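Order of listing sets the numbers, starting from 1, for every ligand and every atom in it. In this text the structure is predicted, and so the values were computed from the model without any measurement.
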Amino acid sequence: MERTLVLIKPDAIQRGLIGNITSRFERKGLKLIGMKMMELKEAVILEHYAHLKDKPFFAGVKKFMQSTPVIAQCWEGVEAVEAVRLIVGPTKARAADAGSIRGDLAMSFQCNVVHASDSLETAQREVKRFFEEGEIFNYDKTEYTHVYSEDEK
Ligand code: ADP
């Protein structure tokens with residue numbers, strides 16, 4: 001099973017979309033194994049968005065991501081990284097497919113309601129960045145009997 005990181009961003013917090021977003025991952029069959037509200041410190045943003053630090057929009061993204069706390073979630077499932085990215089949709093929300101989170105709930109490049117890890121390697125780093133070991137939980141999800149076949153689990 002893979003683990004991946006989702007951040008519910010400040011626009012979603014302001015617009016009351018936490019439940020809507022979370023229920024989409026739940027309905028898909030993913031397993032929530034960690035969740036917390038947190039303020040993003042400067043150092044975490046610089047590390048998390050290091051690939052954007054020279055972009056003209058970086059200052060705006062930083063201000064946006066610090067405008068309210070965010071909700072960090074860790075989701076688990078078979079090929080969960082790709083599954084979550086598909087549910088989230090592409091960065092430019094107004095071009096995202098209907099049915100995806102960004103396609104259904106957002107119009108903006110910057111204010112695109114969620115972050116999701118973009119590869120398995122990134123996911124492993126990002127889960128560690130946002131969660132201590134004791135904040136990730138292992139438990140049996142009885143629903144798995146119906147979500148996966150025996151050989152997929
Ligand atoms: P993603 O979040 O889809 O993985 P990136 O890692 O490229 O995309 O960008 C991180 C975040 O920075 C985006 O989710 C978005 O909030 C913001 N961003 C990216 N590109 C732009 C842009 N051209 N203009 C404004 N904000 C942007």
Side-chain angles (χ1 to χ4, degrees), residues 1-133 135-137 141 147-148 152:
M1 296 265 174
E2 291 178 6
R3 293 172 171 188
T4 191
L5 179 87
V6 166
L7 298 178
I8 302 185
K9 295 185 179 184
D11 53 334
I13 307 285
Q14 294 285 13
R15 294 172 57 207
L17 296 174
I18 300 166
N20 184 313
I21 290 166
T22 304
S23 75
R24 290 166 184 246
F25 297 122
E26 284 186 304
R27 280 188 338 221
K28 179 72 171 171
L30 289 150
K31 177 175 164 185
L32 186 62
I33 57 170
M35 178 160 84
K36 62 179 175 181
M37 180 175 255
M38 61 196 293
E39 282 175 342
L40 298 187
K41 304 272 182 271
E42 182 94 4
V44 171
I45 294 188
L46 291 177
E47 189 181 305
H48 189 66
Y49 285 138
H51 60 294
L52 302 177
K53 72 176 183 350
D54 297 324
K55 302 279 186 197
F57 55 82
F58 181 64
V61 170
K62 194 152 76 68
K63 190 171 171 206
F64 164 62
M65 291 299 290
Q66 291 186 302
S67 63
T68 70
V70 300
I71 306 276
Q73 297 178 329
C74 183
W75 292 94
E76 188 180 77
V78 173
E79 295 173 17
V81 175
E82 190 187 356
V84 166
R85 285 288 287 195
L86 279 172
I87 296 168
V88 166
T91 314
K92 186 180 175 185
R94 55 186 172 269
D97 282 341
S100 67
I101 289 174
R102 287 171 172 167
D104 286 351
L105 302 176
M107 278 296 285
S108 168
F109 235 128
Q110 177 186 271
C111 306
N112 55 11
V113 294
V114 277
H115 164 82
S117 308
D118 64 4
S119 71
L120 186 52
E121 197 198 356
T122 313
Q124 285 162 349
R125 264 198 323 241
E126 291 184 345
V127 169
K128 281 205 187 100
R129 181 173 302 142
F130 289 91
F131 290 95
E132 308 282 339
E133 234 164 68
E135 294 172 332
I136 297 287
F137 299 89
K141 192 152 166 63
V147 171
Y148 298 112
E152 283 173 319

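Between Trp75 and Val6, the closest heavy-atom pair is CD1-CG2, 3.8 Å. The two residues Met65 and Leu40 come nearest to each other via the heavy atoms CE-CD1, 3.8 Å. Across all their heavy atoms, Val70 and Pro10 have their closest contact at CG1-CD, 3.8 Å.
Only the side chain of Phe57 comes within 4.0 Å of ligand 1, counting heavy atoms alone; its backbone N, CA, C and O stay farther away. Both the backbone and the side chain of Thr91 come within contact range of ligand 1, each with a heavy atom under 4.0 Å. By the criterion of a heavy-atom distance under 4.0 Å, neither the backbone nor the side chain of Met65 is placed next to ligand 1. With a 4.0 Å heavy-atom cut-off, ligand 1 is reached by no atom of Phe64. When non-hydrogen atoms are compared, ligand 1 lies under 4.0 Å from the side chain of Asn112 (C-beta onward) but not from its backbone. Looking at Lys92 against ligand 1, nothing comes within 4.0 Å, counting heavy atoms.
Cation-pi geometry between Lys9 and Phe64 is not met at under 6.0 angstrom from the ring centre and within 45 degrees of the axis.
In this structure, the protein non-hydrogen atom closest to atom 16 (O) of ligand 1 is Gln110 O, 2.8 Å. Protein heavy atom at the shortest distance from atom 15 (C) of ligand 1 is Phe109 O, 3.3 Å.
The main-chain N or O of Val78 is found under 3.5 Å from a side-chain atom of Tyr148 such that the two form a donor-acceptor pair.
Ligand 1 has an N or O atom lying under 3.5 Å from an N or O atom of Lys9, backbone or side chain.
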Evaluation steps, salt bridge (Lys or Arg N to Asp or Glu O under 4.0 Å), between Arg102 and Asp97: CA-CA 8 Å; Arg102 287 171 172 167; Asp97 282 341; over 6 Å; no
Test log, rule salt bridge (Lys or Arg N to Asp or Glu O under 4.0 Å), inputs Glu42 and Lys62: CA-CA 8 Å; Glu42 182 94 4; Lys62 194 152 76 68; 3.0 Å; yes
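Note on ligand 1: Lys55 sits outside its first shell, no heavy atom being nearer than 4.0 Å. Put simply, part of Leu52 is less than 4.0 Å from ligand 1, judged by heavy atoms. At least one heavy atom of Arg102 sits under 4.0 Å from some atom of ligand 1. In this structure, Arg85 counts as a contact residue of ligand 1, since one of its heavy atoms falls inside 4.0 Å of the ligand.
Side-chain N/O atoms of Gln14 and Thr68 include no donor and acceptor closer than 3.5 Å. Donor-acceptor pairing under 3.5 Å is recorded for the side chains of Thr122 and Asp118.
Of the candidates Leu7, Val61, Val88, the one placing a heavy atom closest to atom 17 (C) of ligand 1 is Val61.
The ligand atoms of ligand 1 that sit less than 4.0 angstrom from a heavy atom of His51 are 5 (P), 6 (O).
Val127 places none of its side-chain heavy atoms less than 4.5 Å from the side chain of Thr4.
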